[in-house]
Student: 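Below is one structure. I have some questions about it.
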Amino acid sequence: MFKSKRMHTLIILLLISSLLAACGKDNTPATEPAAKKAEARTITHAMGETTISGTPKRIVVLTNQGTESLLELGIKPVAAVKSWIGEPWFDHIKDQMTGVEVIGDETQPNLELIASLKPDLILGTKVRQEKIYPLLSSIAPTVFTENLGDSMIENFELYAKALNKEAEGKLAVDGYNKLIEQTKATLGEKTKLQVSLARFQPGKVRVYYKNNFAGIILKQLGIARPDAQNKDDFSADITKEQIDVLDGDVFYYFVSDRNGETGASKTTDEWLQSPLAQNLNVVKKQQTFSVNESIWNTSGGIIAARLMIEDITKRFPTLK
């Protein structure tokens, strides 16, 4: 088994080396003047420092969040990992992703395909791709965020810097912050309503606390959370006997059915139609709402964040 793994790794390295050698051949005619050398910049990121020359044009992105960062900056990547939901892209970005190459998913990007695309910048994340960083950085300059979910704006700013788009990035962040403040003003006293969050999966229910994508946005908007969820943690699995931790004034939940499966929907029905659920204040008030998981949870990008805020703005005026 050990020899097999070593041989597999060696084959990958040899394939990448040969591709890089082919990419590095200078096919410029001898009579053509040399291009002006682009200014080099050093980017500090989760894996150390990376030097990037000029403004990258051929970008490969290895996170769903990173894909939205590029689109927000007006950049279409050469290639991207597939969306967690959709074939292959989330519905809210698919119109902008025509012609983009699919290179696997966040947990298993295709290294040989990435190398063949001759990128001049690779964007990824330590939490997903730390082990393959050396291989990626041998293909092209590579910049990694530390994690995902609760650090959307910080990650967006890092990518904007790597892309030599800091001015455009600042405009986008300023616009997002303005949207937050406008929405807080619009919601007014409604922000005192305690919002509960959960995810239903096949045979499993997970309560979502404050340090996740949706939780951070609710916090930015100043929206209250139930005492049982007012924790600086990501999430936790719960049993049906613990269902009272989902109570509040409003309950938003995502249902994780993928590729036509219905297991998560079955779990949702079993829980919310149970006698225990009927005792919850939020169920009695009929203020339980299924929301789009791509937007509220799995995408984690700045485009989804604005759509989530738009969703909240539409729903909150009818709440009591």
Side-chain angles (χ1 to χ4, degrees), residues 61 63-76 83-85 89-97 123 145 147-163 165-197 208-225 229-230 232 234 248-254 287 289-319:
V61 61
T63 69
N64 285 266
Q65 184 184 80
T67 297
E68 291 201 10
S69 295
L70 291 176
L71 296 176
E72 179 72 11
L73 293 167
I75 300 169
K76 180 184 285 192
S83 300
W84 293 117
I85 301 171
W89 314 117
F90 293 125
D91 283 346
H92 66 277
I93 63 168
K94 64 182 181 181
D95 290 345
Q96 301 178 69
M97 296 292 284
L123 300 175
T145 64
N147 55 27
L148 300 165
D150 63 349
S151 52
M152 177 193 73
I153 293 298
E154 294 90 335
N155 295 348
F156 178 81
E157 291 174 332
L158 174 64
Y159 285 164
K161 187 175 183 180
L163 292 159
K165 297 282 186 179
E166 286 184 271
E168 294 89 336
K170 185 178 185 305
L171 283 174
V173 172
D174 288 347
Y176 177 78
N177 290 334
K178 184 177 180 180
L179 175 62
I180 290 288
E181 294 306 314
Q182 289 174 337
T183 304
K184 287 170 69 173
T186 298
L187 298 180
E189 292 295 306
K190 295 282 187 178
T191 59
K192 294 180 181 179
L193 292 173
Q194 295 183 352
V195 171
S196 176
L197 283 176
Y208 272 55
Y209 299 122
K210 293 165 64 179
N211 279 358
N212 50 69
F213 178 69
I216 290 293
I217 294 173
L218 291 176
K219 183 178 179 180
Q220 290 171 341
L221 292 171
I223 293 175
R225 303 295 302 277
Q229 296 184 27
N230 196 26
D232 292 324
F234 190 92
D249 296 310
V250 189
F251 178 36
Y252 291 129
Y253 59 90
F254 354 109
Q287 294 197 153
F289 305 99
S290 175
V291 292
N292 186 310
E293 186 181 20
S294 299
I295 291 170
W296 281 66
N297 185 40
T298 53
S299 176
I302 193 168
I303 296 173
R306 289 203 310 271
L307 291 172
M308 177 181 161
I309 293 168
E310 180 182 313
D311 200 6
I312 289 171
T313 304
K314 289 178 180 177
R315 292 174 185 269
F316 259 60
T318 64
L319 303 177

Student: Return the minimal non-hydrogen interatomic distance between E68 and A304, and the atom names on each side.
Tutor: OE1-N, 2.8 Å

Student: Is any side-chain heavy atom of M152 closer than 4.5 Å to a side-chain heavy atom of N155?
Tutor: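 They are not in side-chain contact.
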
Student: What salt bridge (Lys or Arg N to Asp or Glu O under 4.0 Å) pairs are there with at least one residue in residues 210-219, not counting sequence neighbours?
Tutor: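 Residue pairs with at least one partner in residues 210-219: K210-D232.
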
Student: Could you please spell out the steps behind the salt bridge (Lys or Arg N to Asp or Glu O under 4.0 Å) verdict for D311 and K314?
Tutor: CA-CA 5 Å; D311 200 6; K314 289 178 180 177; over 6 Å; no

Student: Considering all heavy atoms of both residues, which atom of S83 and which atom of W89 are nearest to each other, and what is their separation?
Tutor: OG-CA, 3.2 Å

Student: If you draw a 6.0 Å radius around NZ in K170, do more than 12 non-hydrogen atoms from other residues or ligands fall strictly inside?
Tutor: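 It does not: K170 NZ has 12 such atoms or fewer within range.
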
Student: On a heavy-atom basis, which atom in Q229 and which in V195 lie closest, and how many Å separate them?
Tutor: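 Taking every non-hydrogen atom into account, OE1-O, 4.1 Å.
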
Student: Hey, are the side chains of N292 and H92 touching, using non-hydrogen atoms and a 4.5 Å cut-off?
Tutor: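 N292 does not reach H92 side chain to side chain.
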
Student: Determine whether F90 and I85 satisfy the following criterion, side chain to side chain contact (heavy atoms under 4.5 Å, CB included), listing intermediate values before the conclusion.
Tutor: CA-CA 6 Å; F90 293 125; I85 301 171; 3.9 Å; yes

Student: If you define the side chain from C-beta out and look only at heavy atoms, does anything of I312 sit under 4.5 Å from W296?
Tutor: yes

Student: Side-chain contact, heavy-atom cut-off 4.5 Å: L148 with N64?
Tutor: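 L148 does not reach N64 side chain to side chain.
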
Student: For Q65 and G300, indicate whether the former's side chain and the latter's backbone hold a donor-acceptor pair under 3.5 Å.
Tutor: yes

Student: What are the two closest non-hydrogen atoms of L123 and L70, and how far apart are they?
Tutor: CD1-CD2, 4.0 Å

Student: Quick one: do K165 and I75 satisfy side chain to side chain contact (heavy atoms under 4.5 Å, CB included)? Show the steps, please.
Tutor: CA-CA 10 Å; K165 297 282 186 179; I75 300 169; 4.2 Å; yes

Student: When rounded to the nearest 0.5 angstrom, what distance separates CE in M308 from OH in Y252?
Tutor: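 One finds 8.5 Å between CE of M308 and OH of Y252.
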
Student: Indicate yes or no: at least one non-hydrogen side-chain atom of I217 is less than 4.5 angstrom from one of I309.
Tutor: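 They are in side-chain contact.
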
Student: For N147, what residues pass the side-chain contact (heavy atoms from CB on, under 4.5 Å) criterion, not counting sequence neighbours?
Tutor: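 For N147, the residues satisfying side-chain contact (heavy atoms from CB on, under 4.5 Å) (neighbours in sequence not counted) are V127, D150, S151.
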
Student: Using 0.5 Å steps for rounding, measure from the CG atom of L171 to the CD atom of E72.
Tutor: 10.5 Å

Student: For F251 and L197, which heavy atoms make the closest approach, and how far apart are they?
Tutor: CE1-C, 4.1 Å

Student: Could you tell me which non-hydrogen atom of A305 sits nearest to which non-hydrogen atom of Y176, and how far apart they are?
Tutor: CB-CE1, 3.8 Å

Student: Scan for salt bridge (Lys or Arg N to Asp or Glu O under 4.0 Å) pairs involving residues 289-305, sequence neighbours excluded, and state none if there are none.
Tutor: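 The answer is R199-E293, R258-E293.
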
Student: Hey, could you give me the OG1/CE distance between T67 and M97, rounded to the nearest 0.5 Å?
Tutor: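 Output value for this atom pair is 5.0 Å.
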
Student: Taking the side chain as everything from C-beta on, heavy atoms only, tell me whether V250 gets closer than 4.5 Å to R315.
Tutor: no

Student: Roughly how far, to the nearest 0.5 Å, is OG1 of T186 from CZ of F316?
Tutor: 12.5 Å

Student: Quick one: CG on D95 to CD1 on I93, what's the gap to the nearest 0.5 Å?
Tutor: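 D95 CG to I93 CD1: 10.0 Å, rounded to 0.5 Å.
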
Student: Just so I know, are the side chains of L221 and I180 near enough to count as touching, which here means a heavy-atom distance under 4.5 Å?
Tutor: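 L221 reaches I180 side chain to side chain.
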
Student: Taking the side chain as everything from C-beta on, heavy atoms only, tell me whether Y208 gets closer than 4.5 Å to F254.
Tutor: yes

